[in-house]
Amino acid sequence: MSASGANEQRILLIDGHAMAFRAFFALPADGFSDGRGQATNAVYGFTRMIINVVASEQPTHVAVAFDLPGGTFRDRIYDQYKAGREVTPPEFHGQIALIQQVLDALGVSWFTVEDYEADDIIATLATRTAAEGGQALIVTSDRDSIQLVGENVTLLQPIKGVTEMRRMDPAAVEEKYGIPPERYPDLAALVGESADNLPGVPGVGPKTAAKWITAYGDLQGILAHAEEIKGKAGQSLRDNVEAVERNRRMNAAVTDLELPQDPERYSLGRGDAVALNAVFDELAFGPTIRKDVPAVLLADGESASTVPERELPALQQPTGEQVAEVLARDFAAGAALVIDGRWELGQGDASALALATDDALAVIDLVDLDDTAERALATWLADPAIAKTAHDTKLATHQLRGRGLDVAGWSTDLAIAEFLCRPDQRPTDLAGLAMRHLQEDLQVTSAAVQQELDLDQDESGKDTLARAADAVARLGTTLREDLEQHAAVELHDDLELPLARVIGVMEATGIAVDDDVLAELDAQHEAEQERVAESAFSHLGGDRINLGSPKQLQEVLFDRLGMPRTRRTKTGFSTDAESLADLHEKTQHPFLTDLLAHRDVTKMRQIIDTLRRFISPTGRIHTTFHQNIAATGRLSSNNPNLQNIPTRTEEGRRIRSAFRASDGFESLMTADYSQIEMRIMAHLSDNEGLIEAFRSGEDLHRYVASKVFDVAPEDVDGAMRSKTKAVSYGLAYGLSAFGLARQLRISQAEATALRDGYFERFGGVRDYLRESVEKARAIGYTETILGRRRPLPDLTSDNRQRRENAERVALNSPIQGSAADIIKLAMLRVDEGLRDAGLTSRVLLQVHDELVLDVAPGEEEQLREVVAAGMGSAYELSVPLEVGIGVGPNWLAAAH
DNA sequence: GCACGGACGTA
DNA sequence: CGTACGTCCGTGCC
């Protein structure tokens, strides 16, 4: 308490505009909306802030000050005051009024005073409170309030966002600025305030200003001795006396505004929970922020929370023989599972398992399991008849495998189910998923979700784990309904869920990598890299720029060497390989050749280095495959990405030779679909010509080219074939004549003619593509052969750019997505085939249209049959699915 | 330390 | 002004 502790008043004073504005920029505007197009990010952030500050500072009184639109007396002193500020973003509009509605419901008084700023209101109330011996706490990002800091006045400055605050008392101000708070306006007058468009003395910063203030006492003293001050700064001061004096008049706080004296007007505990909930409903705010509203703000005994906390079943923590009892009694039919512990790169430390149903809740400690409990749990987990649900079944399986436990009987994978229903949403953590489903109409992004329900923040250990399991159980029910609604039950049950198990085994197995091969390659590339770099520098007169910096390259190429500008990027001009090749054609400058060579070799080294970092102690790389990333339904791979290992260039391909058959295995096998996307186009378009092309057994592009150019297949030359191939594949991506021309480096007229010629023979393909886009526009989503949907709301956008982009996506998604469906089916078939045939050979990788397998000794012939059959008959199209198979000691040699 | 853009590897 | 991804680096921000 202060020295004048007679007064217990402790008033919180908030600068409404400053904090609302800050909240606006701290949270994404497009992530917070009331569902009707009104952004609410500033409202949410501001409300969070006031809740937090009231809870942590425990004031007895509170007031919020706002600016009024239009000018103040300061504009009459200086007509450029606050000029040049960025215009308020449109999404900010209306949010101040909403904040005021929240404050009304909270029973917090807010004030505006004609002709004055929020600062002046705060200054008046702070000064008055301090004079009466109370304490004032000011919350603002505006520096003008620094002058108010004193024994009874503390400033809370937001540091990051609106929830982290720095406490400024007189000592802190002195520490930061080197002067006492009451001298701050003097310092600001000298330095100027760019936010208010108040220029100060050029060449004088806070350090100099503080030095002068210390030397001459205050601004008056400085001006009185202005003639004595030496140097440039002194002269600058003498030249700008008027501006300084004006600044000082401007930044002086007004402390005598007419504001209500009655302390009741500022007291807490006047909030109306019913009104507040109505406002929060309007704003689509979630349950947690309601729960967090401090009771002191509300009228007696009320709570803001309208979302009743679910009564959790009693938490059981069985040990020993109790585990078997509890599993048999409460979880005989199934349960939702949540496991505590991390799993990465084959390393796991699962420590506890939570189980939940609608009526039961248990946490089993995995660290101190005795034999009886372990056996009971192992039996229960392995029982395929016991239905189990998890947020991520593959991860749960990995975690339990790390404890030596196998799982069967997975029935629902929340992440997969969610993805099938909403493939374009970002992958969701459990907290985010729970939030989205608990508040159906709540349109918040992960930032808010994390705050709302952060299940990762493990505060109460087993309770949190149990609550999470309970959430998984309830979400399981919800998502099963969602799957029905989106016609995705079969996709989940019969494709993705079983596939998750197959992929999990692939990840756990990993692929053997020969580090010596990579080390040797790296050494070769290192030498080459140095050689090329030296050569490149020699063409720059020995200037050793950073060849990896697009910025420095632009300076050299376009400024220093005066080369013609290339296509624009966001930050300048492109230096990508295509642009550099163009430049080389035009200028013949030898630097460009070296630069391109340097890029190539640097890229190769990066790839090699990245791979080496991921080699496990057992000499294997365990990538992670994701089922819930690519909106078309493809898998993705990361840590490391094994789906983009080079293959196009000779140099790049050598990296593939480092991927080898595992010890105890005979060789690697690769099996890939030939032209699967074109086959799908033939099937979906039902185009006779294209179907015939595949049935003829002739080389596809040669056959199509012979029709397009109207020559015999044997008369198709290389140029005709490659042009036709470009059109064929371009079709599946929505390629324009412009893009085709650019890619083939031909004129746009020629490209148009080429495409027209193509459609003369294969017009059915164009018709199909057009119709499929129109159908998607009508029903709102695209569909693959297995019924995997992708919503595309932008197909009806008024914005041409967005609409045309969505059209290309609509064109491509059924094709890419159906190919993804087919290879996923194939993976299940191959997995089944391996088991049925009793083979030890195993699938290691999937690269979109290719599988890589370890071939066990003596199994090659049988494996060929299993793989060819599994992939070839995965799905029946109107054209055959052709599978190419190759075998060799390593991935490169296994190519065919 | 973190976010972003540019560049480039794959299907 | 061609779809779908992941990773690296340099840069500029806090």
Side-chain angles (χ1 to χ4, degrees), chain A residues 25-26 159-161 164 423-424 545-554 566-580 595-596 598-611 613-614 623-626 628-649 651-653 655-656 672-678 681 726-744 748 751 769 782 790 792 800-801 804-817 819-820 823 845-850:
Chain A
F25 287 109
I159 312 173
K160 201 177 122 188
E164 260 184 66
D424 276 302
I545 63 162
N546 184 344
L547 297 173
S549 162
K551 195 172 163 240
Q552 294 180 33
L553 282 177
Q554 286 176 52
T566 53
R567 76 181 163 82
R568 285 216 67 110
T569 65
K570 275 187 186 173
T571 52
F573 299 93
S574 174
T575 63
D576 66 11
E578 193 191 335
S579 303
L580 294 180
L595 176 57
L596 283 165
H598 186 263
R599 282 254 178 91
D600 284 346
V601 71
T602 303
K603 183 72 185 175
M604 287 304 130
R605 285 198 76 193
Q606 274 173 13
I607 293 173
I608 292 165
D609 288 347
T610 305
L611 287 176
R613 281 208 308 278
F614 280 99
T623 184
T624 302
F625 288 105
H626 296 271
N628 307 335
I629 299 286
T632 51
R634 275 190 175 181
L635 299 184
S636 80
S637 152
N638 74 358
N639 295 327
N641 184 354
L642 293 187
Q643 291 181 322
N644 71 345
I645 304 304
T647 187
R648 289 179 188 177
T649 66
E651 278 306 298
R653 271 196 294 276
I655 294 175
R656 292 194 167 214
D672 66 353
Y673 282 118
S674 140
Q675 292 140 346
I676 188 167
E677 296 197 349
M678 284 301 292
M681 268 214 277
V727 179
S728 288
Y729 278 103
L731 282 178
Y733 301 139
L735 188 65
S736 63
F738 176 92
L740 185 64
R742 201 165 66 103
Q743 194 200 318
L744 292 175
Q748 212 165 319
L769 292 170
T782 61
R790 178 171 186 184
L792 287 171
R800 202 182 94 174
Q801 167 99 27
E804 291 184 342
N805 190 52
E807 285 170 354
R808 287 191 296 275
V809 173
L811 210 94
N812 176 260
S813 291
I815 299 167
Q816 190 184 120
I823 195 160
L845 302 177
Q846 187 253 47
V847 192
H848 307 309
D849 65 357
E850 172 187 10

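Fair warning: this is a prediction, and the values are worked out from it, not measured in the lab. The figures here come from the full heavy-atom set of this structure, side chains too, leaving out hydrogens, waters and symmetry mates. Protein chains get the first letters and strands the later ones, always in sequence-line order, with residue 1 at the start of each.
The interatomic distance linking A/N638 (CG) with C/dA4 (C1') rounds to 15 Å, in whole Å. For A/I545 and C/dG10, the CD1 to P distance is 12 Å, given to the nearest whole Å. Residue A/L553 contributes atom CG, which lies 14 Å from atom C1' of C/dT11 at whole-angstrom precision. Rounded to an integer number of Å, the gap from NZ of A/K551 to C1' of C/dG12 is 9 Å. Look at NE2 on A/H626: it is 18 Å from P on C/dA4, rounded to the nearest Å. If you take CZ of A/F625 and C1' of C/dC5, they are 13 Å apart, rounded to a whole angstrom. Here C/dG6 presents its P atom at 12 Å from CG of A/N628, a figure rounded to the nearest Å. Residue A/Q606 contributes atom CD, which lies 11 Å from atom C1' of C/dG10 at whole-angstrom precision.
Among the heavy atoms of the strands lying under 4.0 Å from A/N546 are primed sugar atoms or P, OP1, OP2 only; no base atom is included. Residue A/N805 is classed as a sugar-phosphate contact, given heavy-atom separations below 4.0 Å to backbone atoms only. Counting any heavy atom pair closer than 4.0 Å across all strands shown, A/R605 reaches no nucleic acid atom. At the heavy-atom level, A/R790 lies under 4.0 Å from the strands shown only through sugar-phosphate atoms. Here A/A631 lies in heavy-atom contact (under 4.0 Å) with sugar-phosphate atoms only. Using a 4.0 Å heavy-atom cutoff across all strands shown, A/I629 reaches sugar-phosphate atoms only and no base atom.
Between the A/R567 side chain and the A/S574 main chain, no donor and acceptor come within less than 3.5 Å of each other. A donor-acceptor pair under 3.5 Å is absent between the side-chain atoms of A/R568 and the main chain of A/F573, judged by distance alone.
The separation of C/dG2 from B/dC4, taken at their C1' atoms, amounts to 24 Å, rounded to a whole angstrom.
Phosphate proximity of C/dT3 to A/R808: present, with a side-chain N or O under 4.0 Å from OP1 or OP2. Phosphate contact (OP1/OP2 of C/dG6, side-chain N/O of A/S636, threshold under 4.0 Å): present. Checking the phosphate oxygens (OP1, OP2) of C/dT3, no side-chain nitrogen or oxygen of A/S813 falls inside 4.0 Å.
A heavy-atom distance below 4.5 Å is found between the side chains of A/V727 and A/L740. Contact of the A/T632 side chain with the A/R790 side chain is registered, since non-hydrogen atoms from C-beta on lie closer than 4.5 Å. Inter-residue side-chain proximity for A/H848 and A/Y673 is flagged as unmet; no heavy-atom pair is nearer than 4.5 Å. Contact annotation: the side chain of A/L731 never approaches that of A/I815 to less than 4.5 Å [non-hydrogen atoms, C-beta and beyond].
Toward the 5' end of DNA chain C, the nearer of the two residues A/D424 and A/G548, judged by each one's closest nucleotide, is A/D424.
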Sequence-aligned protein contact record of nucleotides 5-11 of chain B, with B where the base is within under 4.0 Å of a protein heavy atom and S where only the sugar-phosphate is: SSSBBBB
A/T575 vs A/Q552, side-chain contact (heavy atoms from CB on, under 4.5 Å): CA-CA, chis, key distance, verdict: CA-CA 10 Å; A/T575 63; A/Q552 294 180 33; over 6 Å; no
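Checked for salt-bridge contact, A/E578 and A/R742 meet the test: a charged N lies under 4.0 Å from a carboxylate O.
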